[in-house]
Protein chains: 2
Amino acid sequence: MSQVERVGDLAESVGYLLKQAATALHASMDAVLRPQGLTVSQYSVLELLGHEPEQSNAGLARGAFVTRQSMNEVLRGLQDRGLVARPDVAERGRARPTHLTPAGQAALENASAAVARVEKRMLSPLSTTEHTELIARLIACRDALTGDGAPTG
Amino acid sequence: MSQVERVGDLAESVGYLLKQAATALHASMDAVLRPQGLTVSQYSVLELLGHEPEQSNAGLARGAFVTRQSMNEVLRGLQDRGLVARPDVAERGRARPTHLTPAGQAALENASAAVARVEKRMLSPLSTTEHTELIARLIACRDALTGDGAPTG
DNA sequence: TGACTCATGTCAGCATCCTGACACACAATG
DNA sequence: CATTGTGTGTCAGGATGCTGACATGAGTCA
């Protein structure tokens with residue numbers, strides 16, 4: 001009980017491995033998206049809008065794990081390039097739901113295909129069962145951290 | 001063959017889950033490290049030095065997945081607070097190997113214990129076998145991305 | 001109607017990290 | 001000795017994301 005637990009070998013630390021895997025994925029995504037003229041953040045917005053159109057700036061920020069302010073910058077860039085559009089005035093409230101333009105839809109299809117290939121390469125060493133299990137484990141880890149806010153020692 | 005593969009349901013995308021888990025972990029680590037006066041980046045350096053002392057600025061940068069320039073900033077902050085030390089002049093070459101001071105060692109022990117508790121909470125839903133498997137899967141995914149640099153379509 | 005709460009959008013300032021560039025130290029090679 | 005290549009430290013500038021603050025619009029309730 002008096003033994004103080006510490007982070008052990010880094011090569012076997014799930015936290016460190018999580019960081020390594022996420023960094024490697026981000027780098028690989030950047031490598032395939034940059035030739036298409038998209039950053040990872042911009043692709044994330046397109047993908048989010050592809051799955052659920054008419055999302056507000058704040059909603060997209062939550063989906064991409066950034067602040068509203070940062071998302072506003074990303075949206076402005078996409079809007080200037082004509083990949084997304086949002087009304088100048090809000091129909092109701094302050095939220096101005098964003099949606100993909102035809103050009104944005106086309107860009108998303110190319111980008112999503114490229115990212116899917118990256119994901120496929122990342123998962124290539126895993127069997128279908130292992131793939132499914134990995135999803136479940138990641139969900140469990142995520143929920144264990146976000147669902148409970150009271151460490152209490 | 002003509003069917004274009006795309007990223008599927010985000011809730012089951014390993015990439016998206018990886019990002020979610022890594023973000024949740026980073027936020028949880030920040031929450032326990034900030035009261036101790038440390039950022040996640042600073043903690044990373046202390047942990048790296050605790051596992052392998054006398055590392056150069058460039059070496060630490062590789063270990064923490066940032067550039068040498070960024071790591072230099074972090075090191076300067078830790079040095080000003082007396083948690084790490086490095087010789088003013090290099091004994092050999094340009095590298096000035098950094099090491100933990102006694103104060104840094106103490107800070108590391110507290111921080112590492114706190115982070116270990118966060119990791120433990122994150123892994124609490126997993127059995128020992130599942131924990132071990134998760135490590136292996138993450139390593140496989142990481143290596144699949146970093147080991148091969150030629151997607152070639 | 002008015003007060004209160006909540007979510008959203010936006011502005012300003014700051015922190016962090018990056019890219020590009022350059023100089024220095026060492027090893028290998030001729 | 002001179003040249004080349006690799007690794008390292010550092011400076012300058014810029015891109016990106018964050019915290020803090022404020023105003024607007026909608027819903028709730030007295």
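Bear in mind the structure is a predicted one, so any value in this text is a computation, not a measurement. Computed over heavy atoms, backbone and side chain alike; hydrogens, waters and symmetry mates excluded. Proteins get letters first, then strands, A, B, ... in listed order; numbering begins at 1 in each.
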For [Y], is there any backbone N or O sitting under 3.5 Å from a side-chain donor or acceptor partner on [X]?
| X | Y | value |
| --- | --- | --- |
| A:E119 | B:V7 | no |
| A:Q55 | A:L48 | yes |
| B:R96 | B:P87 | yes |

Q: Send over the distance from B:F65 CZ to C:dT16 C1', rounded to a whole Å.
A: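 Checked: the CZ to C1' distance equals 18 Å.
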Q) How many Å lie between CD on A:E73 and P on C:dC17, as a whole number? A) 19 Å
pair [X]-[Y]: side-chain heavy atoms closer than 4.5 Å:
| X | Y | value |
| --- | --- | --- |
| A:D143 | B:P125 | no |
| A:L33 | A:T39 | no |
| A:S28 | A:R121 | yes |
| A:R117 | B:E5 | no |
| A:T98 | A:V45 | no |
| B:L38 | B:R81 | yes |
| B:T23 | B:H26 | no |

Any protein N or O atoms within reach of nucleotides 20-22 of chain D? Criterion: under 3.5 Å, listing atom names and distances.
unit_1 : atom_1 : unit_2 : atom_2 : d
D:dG20 : O6     : A:Q69  : NE2    : 2.6

Q | DNA chain D contacts among residues 34-56 of chain A, heavy-atom distance under 4.0 Å | A |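 The answer is A:S41.
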Check the phosphate of [N] against [X], side-chain N and O only, distance under 4.0 Å to OP1 or OP2. Yes or no?
| X | N | answer |
| --- | --- | --- |
| A:N57 | C:dT8 | no |
| B:N72 | D:dG9 | no |
| B:S70 | C:dC18 | yes |

**Q.** For the student: nearest non-hydrogen atoms of A:L17 and A:A11, plus distance
**A.** CD1-O, 3.8 Å
Q: Could you list by number each residue of residues 75-98 of chain B showing a heavy-atom separation from DNA chain C of less than 4.0 Å, or answer none if no residue does?
A: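 DNA chain C contact set from residues 75-98 of chain B: B:R92, B:G93, B:R94.
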